[in-house]
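Remember, it's 1-based here, ligands and their atoms both numbered in the order they're listed. Please read these numbers as outputs of a predicted model, since none were measured by experiment. Just so it is clear, the values below take in all heavy atoms, side chains as well, and ignore hydrogens, waters and symmetry mates.
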Amino acid sequence: MQFDLLTIIPQAIEPYLQASLLGKAQMAGLLNLKIHDLRSWAKDKHRRVDDETFGGGEGMVFKPEPLVAAIEEITQGYQKGQVIYLSPQGRPLDQALVKELSDYQELLLICGRYEGIDERVIQGWVDQEISLGDFVLAGGELPALAVVEAVSRLVPGVVGKEESVRQDSFEAGLLEYPHYTRPQEFRGKKVPEVLLSGNHQEIQKWRQAQALM
Ligand code: SAM
């Protein structure tokens, strides 16, 4: 699966995409994660991608010209892709949406900054807006990374043990049961007896009850 992240601060997201699960999945050829610097599509010598907002008011807005040029160029080879703008006005990200997104082959994630992007770009070139939640961040980079990581976990092979993905919270309409590891007692707090019993049926019953709770 291919993810294209369009941003004005590529250096902020690059290390995250190289590390851990996502880094390994790229090395294995399961994911293709590309970061694009929006300023590469700016036409003037200052590489400006923003301008003042019409109607007055504080804050700058991403101009349509570089943004649309970037979208058109990046999506040229898309087979089954979507253009997404990360925005507080978007559909809140949840596991149902993550599953829908995992059906695509390519996702272009536009990371806004300042006051956001010119509305005409949203109307003409964006398939959907996605929000990380009802709060305002300084940019769309963290929400874009959240989308990449959550969707990538559903790409076969990215998470080593697929059974663990199936048991995750929200997969069966429930939250996951609690986990414990060694030591059996930590500062007076004990691991529930049933988990040490070796009785798999009882363990399964306990986990199901915890998930329901
Ligand atoms: N003026 C905008 C508003 O009040 O809705 C907020 C703009 S915010 C400072 C700058 C950028 O951060 C947005 O264009 C968007 O890409 C991103 N952003 C901020 N909060 C977000 C959220 N909750 N979900 C997704 N993206 C968000």
To which protein heavy atom is [atom] closest, and what is the distance rounded to 0.1 Å?
atom: atom 27 (C) of ligand 1; value: P88 CD, 3.8 Å
atom: atom 23 (N) of ligand 1; value: F135 O, 2.8 Å
atom: atom 24 (N) of ligand 1; value: L132 N, 3.0 Å
atom: atom 8 (S) of ligand 1; value: L137 O, 3.2 Å
atom: atom 14 (O) of ligand 1; value: Y85 OH, 2.6 Å
atom: atom 15 (C) of ligand 1; value: L86 O, 3.1 Å
atom: atom 2 (C) of ligand 1; value: E115 O, 3.9 Å

Of the side chain and backbone of Q89, name the one, both, or neither that has a heavy atom under 4.0 Å from an atom of ligand 1.
->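 Looking at Q89 and ligand 1, just side chain atoms fall under 4.0 Å.
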Counting only heavy atoms, which portion of P143 has something under 4.0 Å from ligand 1: side chain, backbone, both, or neither?
->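 Near ligand 1, P143 shows its side chain, while the N, CA, C and O stay back.
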Atoms in ligand 1 with a heavy atom of [X] nearer than 4.0 Å:
X: S87; answer: 24 (N), 25 (C), 26 (N)
X: G139; answer: 11 (C), 12 (O), 17 (C), 18 (N)
X: Y114; answer: 7 (C), 8 (S), 9 (C), 10 (C)
X: S131; answer: 23 (N), 24 (N), 25 (C)
X: G140; answer: 12 (O), 16 (O), 17 (C)
X: G112; answer: 11 (C), 12 (O), 14 (O), 16 (O)
X: V136; answer: 6 (C), 8 (S), 9 (C), 20 (N)
X: G116; answer: 14 (O)

Indicate yes or no: at least one non-hydrogen side-chain atom of L86 is less than 4.5 angstrom from one of V147.
->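 Touching, per the 4.5 Å side-chain cut-off.
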Just verifying a value: how many Å separate [X] [atom1] and [Y] [atom2], rounded to the nearest 0.5 Å?
X: I130; Y: I110; atom1: CD1; atom2: CD1; answer: 11.5 Å
X: I13; Y: L142; atom1: CD1; atom2: CG; answer: 9.5 Å
X: I203; Y: L196; atom1: CD1; atom2: CG; answer: 8.0 Å

May I ask you to check whether [X] and [Y] show a side-chain donor-acceptor distance below 3.5 Å?
X: Q128; Y: Q82; value: yes
X: D51; Y: Y114; value: no
X: Q105; Y: Q2; value: no
X: Q208; Y: Y177; value: no
X: T7; Y: E141; value: yes

Report the C-alpha distance between R113 and F62 in whole Å, list the side-chain angles of each, state the deciding distance to 0.1 Å, and finish with yes or no for side chain to side chain contact (heavy atoms under 4.5 Å, CB included).
-> CA-CA 8 Å; R113 285 258 143 188; F62 280 5; 3.8 Å; yes
Side chain to side chain donor-acceptor pair (under 3.5 Å) between Y104 and D127: does it pass, once the steps are laid out?
-> CA-CA 12 Å; Y104 291 95; D127 295 310; over 6 Å; no
Do any heavy atoms of I130 fall under 4.0 Å from ligand 1?
->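 Per 4.0 Å heavy-atom rule, I130 contacts ligand 1.
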